[in-house]
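Side-chain atoms are counted along with the backbone in the values below, which use heavy atoms only and exclude waters and symmetry mates.
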Amino acid sequence: MCFTTRLSTLRRYEDTMLAAMFSGRHHIPTDAEGRYFIDRDGTYFGDILNFLRCGELPSQKRIKMVYKEAQYYSIGPLLDLLDKMQPLTGEKVRQAFLDLMPYYKDHLERIIEIGKLRAIQRKARFAKLKVCVFKEEMPITPYECPQFNTLRFERSESESKHFEHQCDVDVSFGPWEAVADVYDLLHCIVSDLSDRGIAVEHQCIGVCDKHLVNHYYCKRPIYEFKITWW
């Protein structure tokens, strides 16, 4: 892909890779027609040039990829502007939520791996998994609500041990403390799988009915994830 522009345009921002490349301090190979060769996919280079020429910013659907190119060429002013635009700003907000679960990426990989192995073993087009997504660490029952005027309360260490258990599922996410709820995390999981080309559907199939102690039951919601491989 060929682009035509003045060298002065490429040198406009001094602290960029392009400015350094065309500063005269480095040898840049050219072809028989004197055109410079940059070993980089040129799909988004036009967006880079438009910014260098007149400060024009890319359309929203191109921002993520142009941002990667701006990182490669070290164009700080463009990076600063794109950082404040959607979808990059929204992704920072989303990541702040996901950072509450440092295991998130590992569990996402487990969903993919289990789904793949299950489909291979069964010679099936799709695979189903059980995934538990719960926000609160402790179960809340109708008996507790009148006694505690909050969803968060303290129990002694000995009392807490009665509530420690693993739900009978393939993968589990939770707990976390944030305004974002279970449906927000489900949206993140499905979106991230979709970004990797994995088609997934999910539905709530009930709750964990594990009896813990006295009148307490787990009640964490369980979702069935269906991954379609082809």
Side-chain angles (χ1 to χ4, degrees), residues 13 15-17 40-41 43-45 47-48 50-51 55-116 127-138 140 150-152 166-167 169-204 208 220-229:
Y13 295 98
D15 296 330
T16 69
M17 179 189 292
R40 189 76 175 172
D41 186 350
T43 304
Y44 299 96
F45 192 65
D47 296 278
I48 298 294
N50 287 339
F51 174 77
E56 181 181 333
L57 295 174
S59 61
Q60 187 177 29
K61 64 181 181 180
R62 298 173 68 87
I63 284 178
K64 280 188 175 182
M65 296 308 299
V66 174
Y67 187 85
K68 290 182 179 180
E69 293 302 297
Q71 286 180 312
Y72 178 79
Y73 294 113
S74 303
I75 305 176
L78 178 55
L79 290 171
D80 291 341
L81 290 170
L82 295 180
D83 247 337
K84 300 172 183 176
M85 299 173 64
Q86 286 284 54
L88 297 182
T89 299
E91 180 58 29
K92 286 186 176 182
V93 175
R94 190 183 85 109
Q95 194 57 53
F97 164 51
L98 294 179
D99 285 345
L100 297 174
M101 290 160 279
Y103 54 80
Y104 176 79
K105 289 184 178 179
D106 290 338
H107 285 201
L108 205 65
E109 293 298 328
R110 285 183 59 191
I111 289 177
I112 297 171
E113 188 63 24
I114 293 172
K116 181 181 71 174
K128 293 182 178 180
L129 300 82
K130 287 184 178 179
V131 179
C132 178
V133 181
F134 65 101
K135 179 177 179 179
E136 299 295 336
E137 184 172 12
M138 299 298 187
I140 302 299
T150 176
L151 292 181
R152 307 295 303 176
Q166 296 294 324
C167 299
V169 295
D170 297 299
V171 183
S172 185
F173 294 86
W176 67 86
E177 292 188 39
V179 174
D181 59 20
V182 167
Y183 299 104
D184 294 318
L185 183 58
L186 286 170
H187 182 274
C188 291
I189 296 171
V190 172
S191 295
D192 287 338
L193 291 175
S194 178
D195 286 346
R196 298 179 61 169
I198 298 174
V200 59
E201 302 172 21
H202 66 86
Q203 62 175 343
C204 184
C208 176
R220 293 171 181 170
I222 296 177
Y223 295 83
E224 180 183 78
F225 274 55
K226 179 182 177 181
I227 297 177
T228 303
W229 290 106

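- For the pair Arg110 (side chain) and Ser172 (backbone), a donor-acceptor distance under 3.5 Å is absent.
- With rounding to the nearest 0.5 Å, the separation of CD in Glu91 from NZ in Lys64 is 5.5 Å.
- Here the side chain of Ser191 pairs a donor or acceptor atom with the backbone of His187 at under 3.5 angstrom.
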**OP:** Dump the intermediate steps for side chain to side chain contact (heavy atoms under 4.5 Å, CB included) on Gln86 and Gln60, then the final yes or no.
**Re:** CA-CA 7 Å; Gln86 286 284 54; Gln60 187 177 29; 3.2 Å; yes
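- At a threshold of 4.5 Å between non-hydrogen side-chain atoms, the residues Met65 and Lys68 count as touching.
- Side-chain contact between Phe173 and Ile111: present, with at least one pair of heavy atoms (C-beta onward) separated by less than 4.5 Å.
- One finds no salt bridge joining Lys105 and Asp192 here, because no Lys/Arg side-chain nitrogen approaches an Asp/Glu carboxylate oxygen to under 4.0 Å.
- Counting only heavy atoms from C-beta outward, the side chains of Phe134 and Val182 never approach each other to under 4.5 Å.
- Atom CD1 of Ile198 is separated from atom CZ of Phe225 by 11.5 Å, given to the nearest 0.5 angstrom.
- Residues Asp83 and Lys92 form a side-chain contact, since some pair of their non-hydrogen atoms from C-beta on lies under 4.5 Å apart.
- Note: Ile112 CD1 to His107 NE2 = 13.0 Å, rounded to the nearest 0.5 Å.
- Counting heavy atoms from C-beta outward, Leu108 and Ile189 have side chains that approach closer than 4.5 Å.
- In this structure, Arg40 satisfies the cation-pi test against Tyr72, with its NZ or CZ atom closer than 6.0 Å to the six-membered ring centre and inside 45 degrees of the ring normal.
- Between Phe97 and Trp176, the ring-plane angle classifies as perpendicular under the 30° and 60° cut-offs.
- Panel note: side chain Thr228, backbone Val200; no donor-acceptor pair is recorded below 3.5 Å.
- Here the side chain of Trp229 pairs a donor or acceptor atom with the backbone of Gly115 at under 3.5 angstrom.
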**OP:** May I have the step-by-step check of side chain to side chain contact (heavy atoms under 4.5 Å, CB included) for Val66 and Leu57, ending in yes or no?
**Re:** CA-CA 9 Å; Val66 174; Leu57 295 174; over 6 Å; no
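- Note: Leu81 CG to Leu88 CG = 11.5 Å, rounded to the nearest 0.5 Å.
- Between Glu109 and Arg196 there is a salt bridge, since at least one side-chain N of the basic residue sits less than 4.0 Å from a carboxylate O of the acidic one.
- Of all heavy-atom pairs spanning Arg62 and Pro58, the tightest one is CB-CB, 4.2 Å.
- Applying side chain to side chain contact (heavy atoms under 4.5 Å, CB included) to Glu224 and the options His202, Lys130, Lys128, Glu201 leaves one that passes, Lys128.
- Separation of atoms CE (Met85) and CD1 (Ile63) is listed at 3.5 Å; rounding is to 0.5 Å.
- Side-chain contact between Tyr67 and Asp47: absent, with no pair of heavy atoms (C-beta onward) separated by less than 4.5 Å.
- Between Glu113 and Lys116, at least one side-chain N (NZ, or NE/NH1/NH2) sits under 4.0 Å from a carboxylate O, which counts as a salt bridge.
- At least one side-chain heavy atom of Leu79 sits less than 4.5 Å from a side-chain heavy atom of Gln71.
- The closest side-chain heavy-atom distance from Val169 to Arg220 is not below 4.5 Å.
- The CG atom of Leu98 sits 10.0 Å away from the CG atom of Asp184 when rounded to the nearest 0.5 Å.
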